[in-house]
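The next block holds one structure in the form of structure tokens; read it before the comments.
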Amino acid sequence: MTTLPIPVLAAVLAVAAAVPLLGWALLARPASPTARARDNLLRGIDLGGAGRSAKPAGPGVLRRLVDGLTPGGTTDRLDRLASTAGRPAAWPVPRLVAAKLVLAAIAGGLSALVVSANPGGLPLVLAAVLTVVAYFVPELLLYSRGQERRAAIGLELADTLDQMTIAVEAGLGFESAMARAGKNGTGPLAEELVRTLQDIAVGQPRRDAYLALADRTGVQDLRRFIAAIVQADAYGVSIADVLRTQAQVMRLKRRQRAEEKAMQIPVKVIFPLILCILPTLFIVLLGPAVLDIVDAFSG
């Protein structure tokens, strides 16, 4: 009877343990809006034995297992990244944590198989690097989506402020102008404006809702605009003047960023020019001459 090597056995166990977590991470759906609303309404209310018996024990045990295998601070970091990325409904934070563990387990198991087949220092280092990269793949995807979302908000900000300025000068209030801009818009900035108005509608103070908008997006231009709106609201400055000034500043900054990127193009072109184009030109132009010189000296 042949026994499996310890690395192969460990890889098989890792893959076997990762399959249930992979199924839960990919197939489990977030709670329905009705269930989430019910949980929020019943938070802090003791329902007795009936309320406790209605909760399924399986997902809680699995979630405690996932939390026990996750380093401290990972959930908070994923929550911040998810907030910046717009909190995709298909990928809540528990699923992201499970996906990190699943990818790390699968990468570790496959790496153990490779290392057991080809032992050595280089395969071991590559296996460790692959496992670490697989563990951080969900965070990298969230960070990339958050950066794209910030760029989209920065591009939409000036036009949205123009729409709000026109609405305020036409006689609407600031929140009504925000509602109209959120209704007419289709990008992430419109979604954030609608969410801010929803926060105000459920009782959150306007100042806190505005500051939460700046914190969620992480866009510096929007943060400056929110600071100007908060100061105007505190000191009684005309909102129309603030909107007009901020819109002009945003357009100026957008034009300056475009000019800056245009000036960076020649510098960025130098590296592919030196590494890819010039060697090819040297081969085409100097290759025949070099071959003739070699033939002359060899003959």
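Since this is a predicted model, take the numbers as computed values, not measurements.
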Handout entry: Separation between CD1 of I283 and CG of L278, rounded to the nearest 0.5 Å
Key = 11.0 Å

Problem - Pairing of D221 and R257 as salt bridge, 4.0 angstrom limit - result: yes

Handout entry: Residues R207 and D233 bridged, charged N to O under 4.0 Å
Key = no

Handout entry: Rounded distance (nearest 0.5 Å) linking atom CE of M250 with atom CZ of R255
Key = 14.0 Å

Practice task
Decide, yes or no, whether a salt bridge links R149 with E192 under the criterion of side-chain N to carboxylate O below 4.0 Å.
Solution key: yes

Practice task
For the pair V219 and R223, evaluate side chain to side chain contact (heavy atoms under 4.5 Å, CB included) and give the outcome as yes or no after the intermediate values.
Solution key: CA-CA 6 Å; V219 180; R223 192 184 300 274; over 6 Å; no

Exercise for the section: Salt-bridge test for R244 and D162: reply yes if a basic N is under 4.0 Å from a carboxylate O, no otherwise. Expected result: no

Practice task
Any chance you could measure L78, atom CG, to E139, atom CD, to the nearest 0.5 Å?
Solution key: 5.0 Å

Exercise for the section: Quick one: sort the F174 and F225 rings into parallel, tilted or perpendicular, breaks at 30° and 60°. Expected result: tilted

Exercise for the section: To the nearest 0.5 Å, tell me how far I270 CD1 sits from I277 CD1. Expected result: 12.0 Å

Practice task
Give a yes or no on this: more than 12 heavy atoms of other residues, nucleotides or ligands lie within 6.0 Å of atom CZ of R251.
Solution key: yes

Problem - Sidechain N-carboxylate O distance under 4.0 Å for D159, R254 - result: yes

Practice task
Give a yes or no on whether a salt bridge exists between D79 and R87, defined as a side-chain N under 4.0 angstrom from a carboxylate O.
Solution key: yes

Practice task
Enter the distance from L141:CG to L81:CG here, rounded to the nearest 0.5 Å.
Solution key: 11.0 Å

